[in-house]
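A short worksheet on the structure shown next.
Each chain gets a letter, A, B and so on, in the order its sequence line appears, and its residues count up from 1. Being a predicted model, the structure only gives us computed values, none of them experimental.
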Amino acid sequence: MEFKTRIQFNLTPSYPFHFDGTFHKPSHFPNNLKLEEWESGKYWQTLRCGNELYGLKLESKGTAIKPKLLVSIFSKKALSKDKLLNLKVEIIWRFEVDKDLKEFNEMVKRDKIFSPIFKKWLGMRNTAQYSLYELLIIVIVLQNATVRRSQQMLDALLAKYGIKLKFDNIKLWAIWLPKALDKVSEQELRDLKVGYRAKFIKKLSQDFSAGKVDEYRLRKLSREETKKELMKLYGIGPETARILLFEIFHQDDVFDHISPWQQKIYSMLFYNKKLVSADKIRKDVQRNYGKYSMLATHYIWEDIFWRRKNEHIEWLEKEIRL
DNA sequence: CATCAGGGCCCTG
DNA sequence: CAGGGCCCTGAT
């Protein structure tokens, strides 16, 4: 499928703004059938907004003092005014274009250990690249699996049910709509070697297809209410809910659940020690960064994965099991 | 060749 | 609320 119709507009992000830190998250696992593409100053992804699919391209324009985003939206046919307005609102929300980082930046400027890292990524946002359903699929293939296996599962699912979209001379994949799995049996999903996750994917897709989950309503709830609603979903426990709260609902303080593999990486990052108790890590991070505990951790976390692109970090390689 | 844990969650007792 | 089971893979 190719989208050739294009409409462009500019957005002015709140200052300061860090384009590359915002639109490339090196800690995310790379599967082969790509959902997004990035190079310095440019970013492409397929974009789900309601039941519609678009191609999205973002480019860094303007200057460091006056940052600007050039947004290009590719679609099958010309967009109505309403849809365009909706998309603008959605893009601003998803990528935190308007985020007020003043208080956060003031706080981390005084950080005794990590202020250089916060300075380096000044203006970075935590983005919601995906719709709730899309990220649910991704986090489910992450559960109880090594990175390589997660890649295999997502690739297999995309190859069978995904949509290959060409726009701006680039080919990317998009995750199917929930209703596309209406007539797909649990066994057919199992045949893609997703194991017991087939049941999760099937049930979740049914619930979304039946309109039982309203992402836009959840955005308006408090953190605790949203978490409660998410945990009701079949296959969604505390860890998955935490990821969703941060990466979809922009809750900056969800540093409550620390899994064993994260504990090992945090121990090295924060203390340069092999293993610090999860309880101590949680208390220290919450005390140091308060309502920005997850956002602050996100900066430090992504920074080490950026460094990994150019240097070999022995202890990290050991923790990233392929 | 077997055995086992892994970017968790569900279900049972 | 603790513990077993779950799918499949690659590591040992």
Sub-6.0 Å ring centroid separation between A/Phe114 and A/Tyr289: no
Distance between C1' atoms of B/dC10 and C/dT9 (Å, rounded): 22 Å
Between C/dA2 and B/dG7 - P atom distance, rounded Å: 23 Å
A/Met231 vs A/Leu142, nearer the 5' end of DNA chain B by closest nucleotide: A/Leu142
5' precedence on DNA chain B between A/Lys199 and A/Gln262 (nearest-nucleotide basis): A/Gln262
Glycosidic conformation of C/dG4, taking syn as within 90° of 0 and anti otherwise: anti
Determine the minimum heavy-atom distance between [X] and [Y], stating which atoms define it.
X: A/Asp155; Y: A/Leu33; result: OD1-N, 3.0 Å
X: A/Asp100; Y: A/Lys102; result: OD1-N, 3.0 Å
X: A/Ser267; Y: A/Lys274; result: CB-O, 3.5 Å

Cationic N near anionic O, under 4.0 Å, A/Glu215 to A/Arg94: no
Exercise: do A/Tyr234 and A/Gln206 side chains pair donor with acceptor under 3.5 Å: no
Pair A/Tyr43-A/Ser60, side-chain donor/acceptor within less than 3.5 Å: no
Verdict with supporting geometry, A/Phe167 and A/Tyr54, ring pair (Phe, Tyr, Trp, His ring centres under 6.0 Å): CA-CA 9 Å; A/Phe167 65 97; A/Tyr54 305 98; over 10 Å; no
Stems where DNA chain C pairs, listed by first number, each of three or more Watson-Crick or G-U pairs under 3.5 Å: B:2-6 with C:8-12, B:8-13 with C:1-6
Residue whose closest nucleotide on DNA chain C lies nearer the 5' end, A/Arg197 versus A/Gln152: A/Arg197
Contact interval (first through last nucleotide) of DNA chain C with protein chain A, 4.0 Å heavy-atom: C/dC6 to C/dG10
Polar atom pairs (N or O), protein with nucleotides 2-6 of chain B, under 3.5 Å:
none

CD1-CG distance between A/Ile175 and A/Leu177, expressed to the nearest 0.5 angstrom: 10.5 Å
